[in-house]
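Predicted model only: the values in this text are computed from it and were never measured. Atoms considered below: every heavy atom in the structure, side chains included; atoms not considered: hydrogens, waters and symmetry mates.
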Amino acid sequence: MLFNFNTVASLLALFELTSAASLQYKREVIETALYAYGTNISGKSVIYADGLAYIGDTGPSFASVVSNVILSTDSTDSSTPWTISSNTTSISGASMYIIPTSSSTEQVGFVTSNGTTPTGAATTGFTWFGTTLAYITSDGNYEMKFWAVATNETDLWSLVWNSDGALIENATPVTLKRTTPAVVSE
């Protein structure tokens, strides 16, 4: 016999190991709009306005750059930042961030690749819990601490991350989903 069975088996096992190692990791990228649901907020869009996140049908009147938020998300890797796909080229590729420090209520925002995030900001750790946006803490807990704070404009809210969960005046907790609101015809 020209080959020893043990030698052939070892070579085959080595070949399988090297073939598996060379396989590329396949990301599951989802491009989706975000919608907020809460008290008196039924599927309002999350909107980019001058680097900050708002909830409503249109952005604030004072903003110079406003865009609907379409996020490119990776449902298989929470260490990848979630970025905006936009027809406004100045913000396309901007990463969403929250500031998850304790005793803090800060507005959710977006930072461009050449921008600087605020101190303590996190651009990674986002994931889907079903169709709901969640943040995974360093100890592996899922948190959904998004709140909508009323602004001076009708049907427009600032989207904030409420780290300690304390009650906020003129605000309500919201769930951010990729579920499009239902259209009800009369």
Chemist: Find out whether Leu133 and Thr127 are in side-chain contact, i.e. whether some heavy atom of one side chain is under 4.5 Å from a heavy atom of the other.
Modeler: no

Chemist: Hey, any chance Tyr142 and Tyr97 share a hydrophobic cluster, counting ILVMFWY side chains that come within less than 4.5 Å of each other, even indirectly?
Modeler: no

Chemist: Counting only heavy atoms not in Asn141, do more than 12 fall under 6.0 Å of its CG?
Modeler: yes

Chemist: Is it the case that over 12 heavy atoms from other parts of the model lie below 6.0 angstrom from the CG atom of Asn40?
Modeler: no

Chemist: May I ask you to decide if Ile98's main-chain N or O and Glu106's side chain share a donor-acceptor pair within less than 3.5 Å?
Modeler: no

Chemist: Has Tyr37 got a side-chain atom pairing as donor or acceptor with Thr179's backbone, closer than 3.5 angstrom?
Modeler: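 Between the backbone of Thr179 and the side chain of Tyr37 there is a qualifying donor-acceptor contact (under 3.5 Å).
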
Chemist: To the nearest 0.5 angstrom, please state how far the OG1 atom of Thr76 sits from the CD1 atom of Ile30.
Modeler: 9.0 Å

Chemist: Decide side chain to side chain contact (heavy atoms under 4.5 Å, CB included) for Leu159 and Val149; before the verdict, give the C-alpha distance in whole Å, the side-chain angles of both, and the deciding distance to 0.1 Å.
Modeler: CA-CA 7 Å; Leu159 178 61; Val149 179; over 6 Å; no

Chemist: Show the nearest heavy-atom pair for residues Pro181 and Gly43, with the distance to one decimal.
Modeler: CG-O, 3.3 Å

Chemist: Are the side chains of Ser78 and Phe126 in touch, meaning some heavy atoms are under 4.5 Å apart?
Modeler: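 Of all side-chain heavy-atom pairs linking Phe126 with Ser78, none is under 4.5 Å.
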
Chemist: Going by the angle between their ring planes, with limits at 30° and 60°, are Phe110 and Tyr48 parallel, tilted or perpendicular?
Modeler: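 The arrangement is tilted - the two ring planes meet at 30° to 60°.
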
Chemist: Are any of the side-chain heavy atoms of Thr123 and Thr117 separated by less than 4.5 Å?
Modeler: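 In contact.
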
Chemist: Under a 3.5 Å distance rule, please check whether Glu153 uses its side chain to pair with a backbone N or O of Ser61 as donor and acceptor.
Modeler: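 Yes.
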
Chemist: Which atom pair, heavy atoms only, marks the closest approach of Arg178 to Gly130?
Modeler: NH2-O, 3.6 Å

Chemist: Would the distance check show the side chain of Lys177 and the main-chain N or O of Thr132 forming a donor-acceptor pair, the cut-off being under 3.5 Å?
Modeler: no

Chemist: Mark yes or no for whether Thr151, through its side chain, and Leu156, through its backbone, hold a donor-acceptor pair below 3.5 Å.
Modeler: yes

Chemist: For a 4.5 angstrom cut-off between non-hydrogen side-chain atoms, does Ile99 reach Ser163?
Modeler: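 A side-chain contact under 4.5 Å is absent here.
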
Chemist: Is there side-chain contact between Met96 and Leu71, with heavy atoms separated by less than 4.5 Å?
Modeler: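 Met96 reaches Leu71 side chain to side chain.
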
Chemist: Do Trp157 and Ile41 pass the side chain to side chain contact (heavy atoms under 4.5 Å, CB included) test, and can you show the C-alpha distance, the side-chain angles, and the key distance before you say yes or no?
Modeler: CA-CA 9 Å; Trp157 298 264; Ile41 302 172; 3.7 Å; yes

Chemist: Could you state the interatomic distance from CD1 (Ile84) to OG (Ser67), rounded to the nearest 0.5 Å?
Modeler: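 Here the interatomic distance stands at 6.5 Å.
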
Chemist: Give a yes or no answer on whether the side chain of Ser95 reaches the backbone of Thr83 with a donor-acceptor pair at less than 3.5 Å.
Modeler: no

Chemist: What salt bridge (Lys or Arg N to Asp or Glu O under 4.0 Å) pairs are there with at least one residue in residues 107-122, not counting sequence neighbours?
Modeler: none

Chemist: Does any part of the side chain of Thr124, heavy atoms only, come nearer than 4.5 Å to the side chain of Thr80, both counted from C-beta?
Modeler: no

Chemist: Using the side-chain hydrogen bond (donor to acceptor under 3.5 Å, both in side chains) rule, take Thr105 and Asn162 through it: C-alpha gap first, then chi angles, then the decisive distance, then the call.
Modeler: CA-CA 4 Å; Thr105 299; Asn162 186 359; 3.3 Å; yes

Chemist: Can you check whether Ile55 reaches Trp147 side chain to side chain, under 4.5 Å on heavy atoms?
Modeler: no

Chemist: Excluding sequence neighbours, so at least two apart, what forms ring pair (Phe, Tyr, Trp, His ring centres under 6.0 Å) with Trp161?
Modeler: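 Ring pair (Phe, Tyr, Trp, His ring centres under 6.0 Å) check on Trp161 returns Tyr135, Phe146.
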
Chemist: Shortest non-hydrogen contact from Ala49 to Val66?
Modeler: CB-CG2, 4.3 Å

Chemist: Taking all atoms of both residues into account, what is the closest heavy-atom pair of Ile47 and Gly59, and its distance?
Modeler: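 Taking every non-hydrogen atom into account, CD1-N, 3.9 Å.
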
Chemist: If a pair satisfies salt bridge (Lys or Arg N to Asp or Glu O under 4.0 Å) and one of its residues is in residues 37-51, list it, with sequence neighbours excluded.
Modeler: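 Listed by first then second residue: Lys44-Asp57.
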
Chemist: Are the side chains of Thr116 and Val111 in touch, meaning some heavy atoms are under 4.5 Å apart?
Modeler: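 No; the side chains remain at least 4.5 Å from each other.
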
Chemist: So, for Ser85 and Ser92, which heavy atoms are closest and what is the spacing to 0.1 Å?
Modeler: CA-OG, 4.2 Å

